[in-house]
Amino acid sequence: MRLDKFLAQQLGVSRAIALRELRNKRVTVDGEIIKTGSLKLEPQHRVEFDGNVLEQIGGPRYFMLNKPQGYVCSTDDPDHPTVLYFLEEPVAYKLHAAGRLDIDTTGLVLMTDDGQWSHRITSPKHHCEKTYLVTLEQPLAEDTATQFTAGVQLHNEDSLTKPAVLEQIEECVVRLTISEGRYHQVKRMFAAVGNRVVALHRERIGAIAMDDDLAPGEYRRLTDEEVASVEMPGR
């Protein structure tokens, strides 16, 4: 990659501004001041801007984040802070959530810059399972699990939900596994059977489970095994 393009990506600026910073002698490569943007970077090059190392990114990136309440999963929102706030990674703005959570929902969010990989998670035709810990306003009715297995009719939807697995943990706490991603689906499913969700926490996406060692707002890279658990054609 050319140095000027690399700087523009790393600093989140235009190519013209990157060239201006080069002319202002703010950039070094392997300790040498470089004033032209045409230099082709190699992986072993050490690039610094005002003495701060700019890390070269090799290949796609995959992370899991324990999302707290009050943050949105979009990469840019004028009204609310986004989950990118927690990611101390170069060009973090290029990462996106593979399956979003509502602002008041907590738990597992997968962040990546691999669009094909995230599509395998979010595309309805791949039926990627997601598991949630759900706190309800009222005790769970005895027939709710049976209703969820059969499918429920959501408001303003033409078709029933696909079979879902419901496990009761406490009187008002359940674990629900669904294989769809309809709008506000978990909340709407319980509303359809006369109950209300008061807290929602995602525990698992496919074979990738929330790391119990991650406190709210913390994240880590996915292991190779976790990345590979999302089956990709041709890989």
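Everything numeric here is computed off the predicted structure, so don't read it as measured data.
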field: R175 and E203: CA distance, side-chain angles, deciding distance, salt bridge (Lys or Arg N to Asp or Glu O under 4.0 Å) verdict
entry: CA-CA 9 Å; R175 180 169 284 116; E203 297 181 316; 2.6 Å; yes
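- Here the CD atom belonging to E129 is positioned 12.0 Å from the CD1 atom belonging to I205, to the nearest 0.5 angstrom.
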message: One pair to check against salt bridge (Lys or Arg N to Asp or Glu O under 4.0 Å): E21 and R26. What are the steps and the verdict?
response: CA-CA 6 Å; E21 305 298 15; R26 301 179 69 181; 3.0 Å; yes
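- Y132 and V109 fall within the same hydrophobic cluster, defined by Ile, Leu, Val, Met, Phe, Trp and Tyr side-chain heavy atoms under 4.5 Å apart, directly or through other members.
- Put simply, OH on Y93 and OG1 on T75 are 11.0 Å apart, with the number rounded to the nearest 0.5 Å.
- No side-chain donor from either of S118 and T112 sits under 3.5 Å from a side-chain acceptor of the other.
- Crowding of K187 atom NZ: a count of heavy atoms from other residues, nucleotides or ligands under 6.0 Å exceeding 12.
- When the options Q69, K67, H184 are evaluated for a side-chain hydrogen bond (donor to acceptor under 3.5 Å, both in side chains) with D102, the one that passes is H184.
- Panel note: side chain Y71, backbone D104; no donor-acceptor pair is recorded below 3.5 Å.
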field: salt bridge (Lys or Arg N to Asp or Glu O under 4.0 Å) between R188 and E157, intermediate numbers included
entry: CA-CA 11 Å; R188 293 168 69 205; E157 296 272 0; 3.2 Å; yes
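- Between T82 and D77, the closest heavy-atom pair is CG2-N, 4.0 Å.
- With salt bridges taken as basic N to acidic carboxylate O contacts below 4.0 Å, none links D30 and R46.
- A side-chain donor-acceptor contact under 3.5 Å links E218 to the backbone of A215.
- Annotation for D50: atom CG counts as buried by contact number, over 12 foreign heavy atoms lying within 6.0 Å.
- By the neighbour-count criterion of 12 heavy atoms within 6.0 Å, atom CG of D79 is densely surrounded, having more than that number from other residues, nucleotides or ligands.
- Each of V230, I121, V227 was evaluated against L110; a single residue qualifies, I121, per the side-chain contact (heavy atoms from CB on, under 4.5 Å) test.
- Ring centers of F190 and F148: under 6.0 Å apart, within the cut-off.
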field: Worked check of side-chain contact (heavy atoms from CB on, under 4.5 Å) between M1 and K40
entry: CA-CA 6 Å; M1 181 184 296; K40 182 173 176 58; over 6 Å; no
- prompt: Can you list the steps and then say if R220 with E226 is a salt bridge (Lys or Arg N to Asp or Glu O under 4.0 Å)?
  reply: CA-CA 12 Å; R220 68 161 172 82; E226 288 169 333; 2.9 Å; yes
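- Two different hydrophobic clusters hold V186 and V165 under the rule that ILVMFWY side chains link at heavy-atom gaps under 4.5 Å.
- Dense packing is recorded around CD of Q44, with more than 12 heavy atoms of other residues, nucleotides or ligands lying under 6.0 Å away.
- Under the 3.5 Å distance criterion, with hydrogens and angles disregarded, a donor-acceptor pair is assigned to the side chains of R182 and S159.
- Aromatic ring pairs are classed by plane angle as parallel below 30°, tilted from 30° to 60° and perpendicular above 60°; the pair H126 and H119 is perpendicular.
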task: For the pair T161 and E180, evaluate side-chain contact (heavy atoms from CB on, under 4.5 Å) and give the outcome as yes or no after the intermediate values.
output: CA-CA 8 Å; T161 56; E180 299 175 282; 3.6 Å; yes
Stepwise side-chain contact (heavy atoms from CB on, under 4.5 Å) test for N195 and T144: CA-CA 10 Å; N195 210 328; T144 301; over 6 Å; no
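- Note: Y219 and F86 fail the aromatic proximity criterion, with ring centroids not under 6.0 Å apart.
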- prompt: Are E171 and L140 close enough, and set up right, to give a side-chain contact (heavy atoms from CB on, under 4.5 Å), and what steps lead you there?
  reply: CA-CA 6 Å; E171 187 178 51; L140 184 72; over 6 Å; no
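- Other residues, nucleotides and ligands contribute at most 12 non-hydrogen atoms within 6.0 Å of the CD atom of E88.
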